Amino acid sequence: MTTIREAGEAGTIDVIRAASPSKINGDDAAVLALATPNSRTVVATDMLVENRHFRLDWSTPEEIGAKAAIQNIADIEAMGARPIALLLGLSAPGEMDLTVVEGIANGINDVVHRCNAELVGGDVVGGEQLVLSITALGELGGPAHPLNLDRAQRGDIVVAAGQIGYSAAGLALLTHFGDRSAIPDDPRLQKLVRAHTVPDFAFGRGNVARAAGAHAMTDNSDGLIQDLGVIADASLVSINVTASAIAPDENLQAAGDVLGMDPWEWVLGGGEDHTILATTKLAAPSGFREIGKVVSARDSAAHVTLDGNIPPVTTGWSSF
């Protein structure tokens, strides 16, 4: 076993570059070529902290790397942009096995290859616990508007691409059983656990939605009602979600039965699915489904409703 301290900064970086290679990674800074006419650069950054966003006894290093990459790529796609590059900042204890870093880099590499991007640089430093900070860069081509939060319009439909509630249900299963191996070998439950450790992200849907004329967009990172509420607040509108369109499926119902919990809590308040949520005047773009409508200019505190009523769950993830 080789530790991070034994490998040193240069050796650790070599392992990352070997696991996720890029011809432009290795100089003082990466030089990116933006080939699309009238293109603009989109940048997002996010952090994952050990024992807050992931646990090494619940997730493999590959899953941790993939999850970190996906949550940043989701922010790029939520603007309607195409991801092109990632930077990795990594803090870890010196006595940590170097294979953990290699696994994280392999997980990132798997994700960036799925969206035709690259890991192009970053930094490593010693610390008391494992922390990943990823900066994602994207390209917004052409003159069309980015899909900002404040562009939803009355009469738009609300559409979604991806699962809703799966990650939260997987976390509930892991929390209840305490050990991944203790969770019953039921394919419905195992699918939820996998959705928490690595979200099943709908790659490329953000760019599709922008090309199809969507107005506003975000991703479900903090909870469906909370994230739709951000669009409603920014656009000064009210959104009504159709309950039948987001009703818990058999996988969520199975988890609810095992845990004695109401799966609607995960659907309405669970985050980290990184489902793309958008509003549009047109039909649902390819890969999306309709889940509600922008019904009016905002005229009450309940600016996101469920079948016209205040949802039973209105809260979501909070960083503090």
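Computed from a predicted model, the values in this text were never measured in an experiment. Just the heavy atoms: all of them, side chains too, but no hydrogens, waters or symmetry mates, feed the values below.
- Within the 4.5 Å cutoff, the side chain of Q129 has no heavy atoms near those of the P93 side chain.
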Kindly list each side-chain donor-acceptor pair under 3.5 angstrom involving residues 75-86, sequence neighbours excluded, with atom names and distances?
residue	atom	partner	partner atom	Å
E77	OE1	G204	N	3.1
E77	OE1	R205	N	3.2
E77	OE1	G206	N	3.0
E77	OE2	G204	N	2.8
R82	NH2	E139	OE1	2.5

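- Side chains of D156 and T279: a donor-acceptor N/O pair is present below 3.5 angstrom, by distance only.
- Contact of the L173 side chain with the L259 side chain is registered, since non-hydrogen atoms from C-beta on lie closer than 4.5 Å.
- Side-chain atoms of P61 and N106, non-hydrogen and from C-beta on, never get closer than 4.5 Å to each other.
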Under the side-chain contact (heavy atoms from CB on, under 4.5 Å) rule, what do V124 and I13 come out as? Steps first, then yes or no, please.
-> CA-CA 7 Å; V124 295; I13 292 173; 3.9 Å; yes
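- Here the side chain of H53 pairs a donor or acceptor atom with the backbone of V49 at under 3.5 angstrom.
- Annotation: side chain of I70 is in contact with side chain of F203 (closest heavy-atom distance under 4.5 Å).
- A distance of 6.0 Å separates OG1 of T3 from CE of M1, quoted to the nearest 0.5 Å.
- The nearest pair of heavy atoms linking P184 to F177 is CD-CZ, 3.5 Å.
- Looking only at atom types and distance, the side chain of S221 has no donor-acceptor partner in the side chain of H274 under 3.5 Å away.
- The side-chain heavy atoms of L90 and L130, taken from C-beta on, include a pair separated by under 4.5 Å.
- Distance check, rounded to the nearest 0.5 Å: CE of M217 to OG1 of T280 gives 10.5 Å.
- In this structure, the side chain of K281 engages the main chain of R154 through a donor-acceptor pair within 3.5 Å.
- Counting all heavy atoms, side chain and backbone alike, L282 lies closest to A212 at CD1-O, 3.1 Å.
- With hydrophobic clusters built from ILVMFWY side chains whose heavy atoms lie under 4.5 angstrom apart, W264 shares a cluster with I291.
- Hydrophobic cluster membership differs between M47 and I134, with clusters built from Ile, Leu, Val, Met, Phe, Trp and Tyr side chains linked at under 4.5 angstrom.
- Remark: the backbone N or O of A105 is not paired with any side-chain donor or acceptor of N109 at under 3.5 angstrom.
- Looking only at distances, a side-chain donor or acceptor of T197 sits under 3.5 Å from a matching main-chain atom of R194.
- No more than 12 heavy-atom neighbours from other residues, nucleotides or ligands sit within 6.0 angstrom of NE2 on H145.
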Please assess V111 against I73 for the test side-chain contact (heavy atoms from CB on, under 4.5 Å), listing each intermediate value before the final yes or no.
-> CA-CA 9 Å; V111 169; I73 285 170; 3.5 Å; yes
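- Residue-environment remark: CG (N51) exceeds the threshold of 12 foreign heavy atoms within 6.0 Å.
- Side-chain polar atoms of T99 and D97 form a donor-acceptor pair below 3.5 angstrom.
- Transitive grouping of hydrophobic side chains (ILVMFWY, heavy atoms separated by less than 4.5 Å) keeps W58 and L48 in distinct clusters.
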With side chain to side chain donor-acceptor pair (under 3.5 Å) as the test, would you mind laying out the steps for N240 and T305 before giving the verdict?
-> CA-CA 5 Å; N240 183 59; T305 55; 2.7 Å; yes
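- Between the T41 side chain and the G138 main chain, no donor and acceptor come within less than 3.5 Å of each other.
- Taking 4.5 Å as the limit, some side-chain heavy atom of R180 sits within range of a side-chain heavy atom of L174.
- Inspection of the H303 and D233 side chains reveals an N or O donor paired with an N or O acceptor under 3.5 Å.
- The closest side-chain heavy-atom distance from V159 to P285 is below 4.5 Å.
- Contact record, V43 with T135: CG1-CG2, 3.8 Å, taken as the closest heavy-atom pair.
- Distance alone, capped at 3.5 Å, is enough to place a donor-acceptor pair between the D273 side chain and the G165 backbone.
- Cluster membership check: I4 shares its hydrophobic cluster with I16, using side-chain heavy-atom separations under 4.5 Å among Ile, Leu, Val, Met, Phe, Trp and Tyr.
- For the residue pair Q71 / D46, a side-chain donor-acceptor distance below 3.5 Å is found, with atom types taken as modelled.
- In this structure, OG1 on T12 lies 11.0 Å from CG on D123, to the nearest 0.5 angstrom.
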Starting from the C-alpha separation in whole Å, work towards a yes-or-no answer on side-chain contact (heavy atoms from CB on, under 4.5 Å) for I225 and V313.
-> CA-CA 8 Å; I225 300 301; V313 177; over 6 Å; no
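- Shortest non-hydrogen contact noted between S20 and V112 is OG-CG2, 4.3 Å.
- Separating the OH atom in Y166 from the OG1 atom in T275 is a distance of 10.5 Å, to the nearest 0.5 Å.
- Put simply, the side chain of E50 never gets that close to the backbone of V131: no donor and acceptor are under 3.5 Å apart.
- Taking each heavy atom of V237 and A152 in turn, the nearest pair found is CG1-O, 4.1 Å.
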Going through the checks in order, is the side-chain contact (heavy atoms from CB on, under 4.5 Å) test met by K67 and E63?
-> CA-CA 6 Å; K67 183 174 185 175; E63 289 172 332; over 6 Å; no
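- I108 and V101 fall within the same hydrophobic cluster, where Ile, Leu, Val, Met, Phe, Trp and Tyr residues are linked whenever their side-chain heavy atoms come under 4.5 Å apart, directly or through other members.
- The shortest distance between side-chain heavy atoms of L132 and F54 falls below 4.5 Å.
- Within the model, atoms CG of L140 and OG of S39 stand 8.5 Å from one another, a figure rounded to the nearest 0.5 Å.
- Residue S167 comes nearest to E272 through the heavy atom pair OG-CB, 3.4 Å, listed as atom of the first residue, atom of the second, then distance.
- To the nearest 0.5 Å, atom CG of residue L306 and atom OG of residue S244 are 9.5 Å apart.
- Of the possible polar contacts, one joining the N220 side chain to the G223 backbone as a donor-acceptor pair under 3.5 Å is found.
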